[in-house]
Each structure stands twice: as C-alpha cells, then as structure tokens.
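Inspection log for the structure reproduced underneath, given as structure tokens.
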Amino acid sequence: MLVTRHLLKDIVERIYRSPIRGYDTETYGVRYQDRLFSLIISVPALGQAPEEEFYFNFNGSPDHLGKSPPKEFVLDRGEIFDLLHSSFYIGIWASHNAPFDNQKIRLETGSYPLTCHCSLSTERLLRNDFLDYSLEEVAPRYGLEKDKSVEEYIKKNNLRTRVTIPGKKTVTHVPHYDLVPLEMMVKYGCTDARIHRRIAEMQRAAIGL
C-alpha cells in the first residue's frame with residue numbers, strides 16, 4: 001500500500017501493535033551519506049486484519065519519464081519518523097542486511113529499531129555452507145522469490161551512472177532507483193519487506209525464538 005497522509009493514524013497504530021515487522025529502505029545510493037527516499041514496513045496478519053505492506057514515499061522528484069508523484073503520495077520524512085519513533089522500541093524489526101537499513105534510518109532520526117533480526121546474518125549462522133547470502137539467493141530456500149523487475153528496468157533504461165573509485169581501476173555503475181516509476185518501486189519495495197519478515201519468522205522458529 002502506498003501511504004497517504006489521511007491514512008497515517010491507522011497505519012502507524014497497526015505498525016505499533018505488530019509483534020514483528022519486516023522493513024526495507026530505498027536509497028539514493030549506498031555511500032554513508034546517501035539518504036533514503038522511501039521506507040517500507042511489512043506487518044503480519046493481526047486479528048481480522050490481513051498481512052500488509054506500507055510504502056512511505058519521500059521522493060517528490062520526477063522519474064526518468066518526467067512524471068512526478070501526486071502530492072498526496074509525497075510524505076514529510078520528519079513527520080513520519082516522529083510518528084514511528086515509539087514503534088522502534090518494541091517488538092522485532094526484521095531486515096536482510098539490517099545494518100545498512102539502520103544506518104539510513106539513523107541519518108534521519110538519530111536512532112533506529114532497538115531489537116533487530118538480520119535475516120542475512122542469521123542465515124549465515126543457520127547454514128554456513130553457501131557461497132551467496134543475497135536476498136535473491138536466500139529467499140528461494142524459504143519458498144519465496146525476490147522481485148527482480150526494478151533491477152531489470154534500470155538496466156534496460158540505463159538508469160545508472162558510471163563511477164570511478166579513486167585508487168581502483170574498475171568502474172562501478174551506480175543504479176538510480178529514485179528514477180524508476182513509483183508504481184514499480186511500490187511493488188518492488190513491498191515485496192522485499194514482506195520477504196524480510198517471512199524469512200525472519202521462519203528463521204526464528206527454526207532456532208526456537
């Protein structure tokens with residue numbers, strides 16, 4: 001679900017009441033100073049409410065096609081993190097490569113979720129005989145599948161910048177997720193956050209938590 005301001009109160013309450021949340025950030029880059037432009041949170045079914053994903057969008061700039069998101073879908077990051085702050089201190093927050101997402105959240109708030117389950121680190125503890133622990137490889141081990149459409153879209157439309165790293169001969173291509181159409185990013189981000197939570201739930205069951 002793409003979050004709008006008029007739904008904020010109910011969504012923040014739903015997140016607060018959830019015992020475990022999957023979370024993911026989409027960022028302008030992977031350098032320390034690169035900020036996030038969206039936060040996605042997945043919650044499990046609770047009572048009569050089904051499992052859901054909430055995409056908080058902070059990017060109001062046009063995509064590579066020149067289309068800007070409607071104003072109701074561009075949220076104020078300061079307001080959102082203030083509303084979510086109390087949720088950071090209760091329950092479990094699950095992410096694949098949680099240190100990365102936590103660092104991006106810390107840039108915005110000075111804090112981050114207190115009790116984190118990193119599904120990447122946990123997978124290394126459960127099975128140390130694999131060569132690849134990316135989400136793309138780990139998800140199928142749990143009967144899940146990562147959405148690859150955005151990476152394919154970035155490659156097809158050349159939404160990348162060539163960057164030369166000082167002291168190295170290799171050239172790095174930096175992808176621009178912020179230039180991908182919003183509707184694609186919502187589906188992509190929500191899928192990742194849901195997979196983060198579901199993998200964490202199965203891992204925690206496997207280790208008796």
Side-chain angles (χ1 to χ4, degrees), residues 1-12 14-15 21-43 52-84 95-97 100-109 112 134-136 139 144-166 168 170-197:
M1 173 191 293
L2 184 55
V3 178
T4 58
R5 292 198 78 259
H6 77 277
L7 295 173
L8 276 178
K9 182 179 179 181
D10 291 341
I11 289 174
V12 170
R14 176 75 193 284
I15 293 170
R21 308 105 175 169
Y23 68 111
D24 190 28
T25 60
E26 300 299 341
T27 67
Y28 291 103
V30 297
R31 298 173 301 174
Y32 180 89
Q33 66 269 30
D34 290 327
R35 297 179 68 181
L36 56 80
F37 64 83
S38 67
L39 171 69
I40 310 95
I41 299 175
S42 173
V43 297
E52 289 186 90
E53 286 72 49
F54 305 112
Y55 189 103
F56 297 88
N57 175 55
F58 311 121
N59 182 17
S61 300
D63 59 28
H64 79 108
L65 299 174
K67 181 180 178 181
S68 297
K71 290 184 179 180
E72 63 265 30
F73 295 134
V74 182
L75 304 173
D76 179 271
R77 63 181 69 213
E79 178 185 13
I80 298 304
F81 282 106
D82 281 346
L83 290 171
L84 292 173
S95 176
H96 204 72
N97 194 10
F100 176 85
D101 292 315
N102 288 347
Q103 188 267 320
K104 296 307 174 189
I105 292 174
R106 188 169 62 244
L107 283 180
E108 307 297 331
T109 69
Y112 52 85
S134 66
L135 186 61
E136 183 177 342
L144 304 168
E145 183 178 2
K146 178 176 169 56
D147 182 359
K148 304 174 187 176
S149 61
V150 167
E151 283 87 358
E152 293 169 356
Y153 187 89
I154 288 173
K155 184 177 181 180
K156 178 180 178 181
N157 292 278
N158 196 29
L159 304 181
R160 302 178 295 181
T161 299
R162 289 168 56 90
V163 176
T164 302
I165 301 175
K168 294 187 177 181
T170 57
V171 175
T172 299
H173 290 86
V174 179
H176 296 291
Y177 289 83
D178 55 301
L179 296 179
V180 174
L182 180 58
E183 58 271 19
M184 288 191 68
M185 287 304 303
V186 172
K187 177 178 179 293
Y188 174 84
C190 288
T191 299
D192 273 4
R194 181 169 59 253
I195 290 174
H196 293 178
R197 176 179 55 79

Under 3.5 Å donor-acceptor pairs involving side-chain atoms of residues 52-63, not counting sequence neighbours:
residue: Glu52; atom: OE2; partner: Arg14; partner atom: NH1; Å: 2.8
residue: Glu53; atom: OE1; partner: Arg194; partner atom: NH1; Å: 2.8
residue: Glu53; atom: OE2; partner: Ser42; partner atom: OG; Å: 2.8
residue: Tyr55; atom: OH; partner: Ser38; partner atom: OG; Å: 3.1
residue: Asn57; atom: OD1; partner: Asn59; partner atom: N; Å: 3.2
residue: Asn57; atom: ND2; partner: Asn59; partner atom: O; Å: 3.2
residue: Asn57; atom: ND2; partner: Phe73; partner atom: O; Å: 2.9
residue: Asn59; atom: OD1; partner: Ser61; partner atom: N; Å: 3.1
residue: Asn59; atom: ND2; partner: Asp178; partner atom: O; Å: 3.2
residue: Asp63; atom: OD1; partner: Leu65; partner atom: N; Å: 2.8
residue: Asp63; atom: OD1; partner: Gly66; partner atom: N; Å: 3.1
residue: Asp63; atom: OD1; partner: Lys67; partner atom: N; Å: 3.0

Which atoms form the tightest heavy-atom contact between [X] and [Y], and what is the distance?
X      : Y      : answer
Tyr177 : Met185 : O-SD, 3.7 Å
Val12  : Leu83  : CG1-O, 3.5 Å
Leu159 : Val180 : CD1-CG2, 4.1 Å
Ile40  : Ala193 : CG2-CB, 3.7 Å
Met184 : Val150 : O-CG2, 4.0 Å
Arg77  : Leu36  : NH1-O, 2.9 Å

Report yes if the side chains of [X] and [Y] come closer than 4.5 Å at any heavy-atom pair, otherwise no.
X      : Y      : answer
Lys146 : His96  : no
Leu84  : Leu39  : yes
Ile154 : His176 : no
Asn102 : Tyr23  : yes

Pairwise distance [atom1]([X]) to [atom2]([Y]) - rounded to 0.5 angstrom:
X      : Y      : atom1 : atom2 : answer
Tyr153 : Asn158 : OH    : CG    : 12.0 Å
Asp192 : Lys187 : CG    : NZ    : 10.0 Å
Lys148 : Leu135 : NZ    : CG    : 10.5 Å
Asn97  : His196 : CG    : NE2   : 8.5 Å

Checklist entry - Looking only at side chains, do Gln103 and Tyr112 share a donor and an acceptor under 3.5 Å apart? => result no
Checklist entry - Does atom CD of Glu72 have more than 12 heavy-atom neighbours from other groups under 6.0 Å away? => result yes
Item to check | Greater than 12 external heavy atoms within 6.0 Å of Arg5's CZ | outcome: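 For Arg5, atom CZ is not crowded (no more than 12 foreign heavy atoms under 6.0 Å).
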Side-chain donor-acceptor distances from residues 26-35 under 3.5 Å, at least two apart:
residue: Thr27; atom: OG1; partner: Gly29; partner atom: O; Å: 2.7
residue: Arg31; atom: NE; partner: Asp34; partner atom: OD1; Å: 3.4
residue: Arg31; atom: NE; partner: Asp34; partner atom: OD2; Å: 3.2
residue: Arg31; atom: NH2; partner: Asp34; partner atom: OD1; Å: 2.9
residue: Asp34; atom: OD2; partner: Val30; partner atom: N; Å: 3.3
residue: Asp34; atom: OD2; partner: Arg31; partner atom: N; Å: 2.9
residue: Arg35; atom: NE; partner: Glu108; partner atom: OE2; Å: 3.0
residue: Arg35; atom: NH2; partner: Glu108; partner atom: OE1; Å: 2.7

Checklist entry - Ser95 pairs by side-chain hydrogen bond (donor to acceptor under 3.5 Å, both in side chains) with which of Thr25, Asp101, Asp24? => result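 Output: one option passes, namely Asp101.
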